[in-house]
Amino acid sequence: MPRPASSAVDKALDLIEAVGRADRPVRLSELASQAGMHRATAYRILVDLVRRGWIMRNQDHYLPGPVVLQFSQAAAANSITVLSRPVLQTLSDQTAMMVNLQVLEPEGGRVIDVVRPPRLAMITDLLGELLPIHKFAGPLALVSALDEAAQIPYVRAAEAQGHPPEAGDELLKDLSLARRTGFALERGRNEDVVASLSRAVLTGNGRPICALTVVGPDSEFDDATLTKLKEHLSAAADELRRTLDGTTPGADLD
């Protein structure tokens with residue numbers, strides 16, 4: 001149990017953080033216990049947080065409110081991009097490949113940053129594009145980190161975007177493989193000559209924050225190169241997770 005909050009601001013932030021960490025809507029008693037405060041105190045603060053939009057209430061459960069969701073979108077476009085850029089640049093230098101950063105949205109993965117070496121100028125960087133899971137490794141890696149029930153809407157979205165419904169089982173197998181191995185590999189589904197390898201960056205409770213994807217000519221994704229790419233990608237994802245957690249030495253920005 002956390003130490004008692006020392007101020008009203010501490011208590012409000014403790015409740016917001018508890019709701020944000022949860023993988024499902026949570027009850028008042030759970031929030032009060034996690035935040036280390038009495039139910040009456042937690043309820044009184046939650047009333048104000050719901051009124052201000054930081055938390056939403058659905059019957060007797062609480063979940064992140066619209067203000068938190070707005071902050072999350074801003075963080076994806078700003079904070080995560082700024083903190084991730086050195087990792088993307090290093091990974092691109094190590095692999096001589098294009099590297100992009102994606103975050104999960106309701107229908108796929110949004111590309112929010114790209115580092116593309118001059119030799120791959122012929123490959124579209126897709127910056128700002130929303131990519132479906134049936135064609136691209138990044139969203140496949142992100143969705144594979146979700147539980148099976150949460151994956152289904154993305155499979156349905158893929159069908160709505162032209163993926164044959166009869167191929168849905170195959171897509172579920174791809175998600176299962178990516179979840180088991182930690183890597184999503186795409187070769188030729190979007191462009192015949194382009195391949196990509198992706199790994200999701202996860203929170204402590206396994207929820208996807210973003211995904212790092214290495215993109216290059218399909219002819220260069222042989223077995224030996226793939227082994228090296230996976231090593232570099234794993235190290236980069238671990239470094240980025242530490243950076244976003246604030247546990248990497250020197251991660252503070254001037």
Side-chain angles (χ1 to χ4, degrees), residues 81 84-104 107-145 154-155 157-159 161-164 166-202 208 210-241:
T81 301
S84 302
R85 174 48 77 106
V87 176
L88 268 67
Q89 186 64 62
T90 298
L91 184 57
S92 180
D93 292 343
Q94 290 172 333
T95 62
M97 299 283 187
M98 181 164 68
V99 178
N100 70 47
L101 180 72
Q102 297 180 37
V103 293
L104 191 60
E107 295 186 350
R110 179 80 64 182
V111 180
I112 61 172
D113 199 14
V114 179
V115 173
R116 180 175 56 183
R119 81 179 188 97
L120 298 180
M122 79 293 293
I123 299 179
T124 304
D125 64 21
L126 299 175
L127 183 61
E129 295 290 327
L130 180 64
L131 311 181
I133 65 172
H134 64 293
K135 288 186 177 181
F136 296 90
L140 187 67
L142 287 166
V143 174
S144 73
Y154 291 92
V155 176
E159 293 174 356
Q161 295 173 60
H163 188 61
E166 60 270 18
D169 288 344
E170 191 66 30
L171 186 53
L172 290 175
K173 290 179 182 178
D174 290 342
L175 288 167
S176 177
L177 178 63
R179 184 180 183 90
R180 186 169 68 253
T181 64
F183 296 96
L185 175 64
E186 291 288 5
R187 305 187 72 168
R189 288 192 180 182
N190 184 55
E191 295 183 38
D192 290 340
V193 298
V194 177
S196 56
L197 180 72
S198 186
R199 186 172 178 86
V201 179
L202 308 178
C210 55
L212 289 169
T213 306
V214 176
V215 184
D218 181 78
S219 60
E220 297 182 20
F221 278 61
D222 54 69
D223 290 343
T225 302
L226 269 174
T227 298
K228 287 294 184 182
L229 289 177
K230 288 180 179 179
E231 292 175 359
H232 289 307
L233 192 53
S234 292
D238 288 344
E239 180 183 354
L240 182 52
R241 178 184 53 77

Where the side chain of [X] meets the backbone of [Y], is there a donor-acceptor pair that is under 3.5 Å apart?
X	Y	value
Arg119	Ala96	yes
Ser144	Ala141	yes
Arg199	Gly182	yes
Arg179	Ala145	yes
Arg110	Gly128	yes
Arg187	Asp218	yes
Ser92	Met98	no

Measuring from atom [atom1] of [X] to atom [atom2] of [Y], what distance do you get when rounded to the nearest 0.5 angstrom?
X	Y	atom1	atom2	result
Leu131	Gln161	CG	CD	9.5 Å
Met97	Thr225	CE	OG1	6.5 Å
Gln89	Gln94	CD	CD	10.5 Å
Leu88	Leu240	CG	CG	8.0 Å
Leu175	Glu170	CG	CD	11.0 Å
Ile112	Thr81	CD1	OG1	3.5 Å

Between [X] and [Y], what is the shortest heavy-atom contact and its length?
X	Y	result
Leu120	Gly216	CD1-CA, 4.3 Å
Pro139	Gln102	CD-OE1, 3.0 Å
Val103	Leu142	C-CD1, 3.8 Å
Val114	Arg85	O-NH2, 3.4 Å
Ser196	Val215	CB-CG2, 4.0 Å
Gly108	Tyr154	N-CE2, 3.6 Å

Please evaluate residues Phe183 and Leu229 with respect to the criterion side chain to side chain contact (heavy atoms under 4.5 Å, CB included), reporting the C-alpha separation (whole Å), side-chain torsions for both, the decisive distance (0.1 Å), and the verdict. CA-CA 11 Å; Phe183 296 96; Leu229 289 177; over 6 Å; no
Salt bridge check, Glu129 against Lys135: does any charged N sit closer than 4.0 Å to a carboxylate O? no
When Asp174, Val155, Leu104 are each screened for side-chain contact (heavy atoms from CB on, under 4.5 Å) with Val143, the one that passes is Leu104
Is there a side-chain contact between [X] and [Y], using heavy atoms and a 4.5 Å cut-off?
X	Y	answer
Val111	Leu101	no
Leu126	Phe136	yes
Leu140	Leu171	yes

Around Glu107, counting heavy atoms of other residues, nucleotides and ligands shown, do more than 12 lie under 6.0 Å from its CD? no
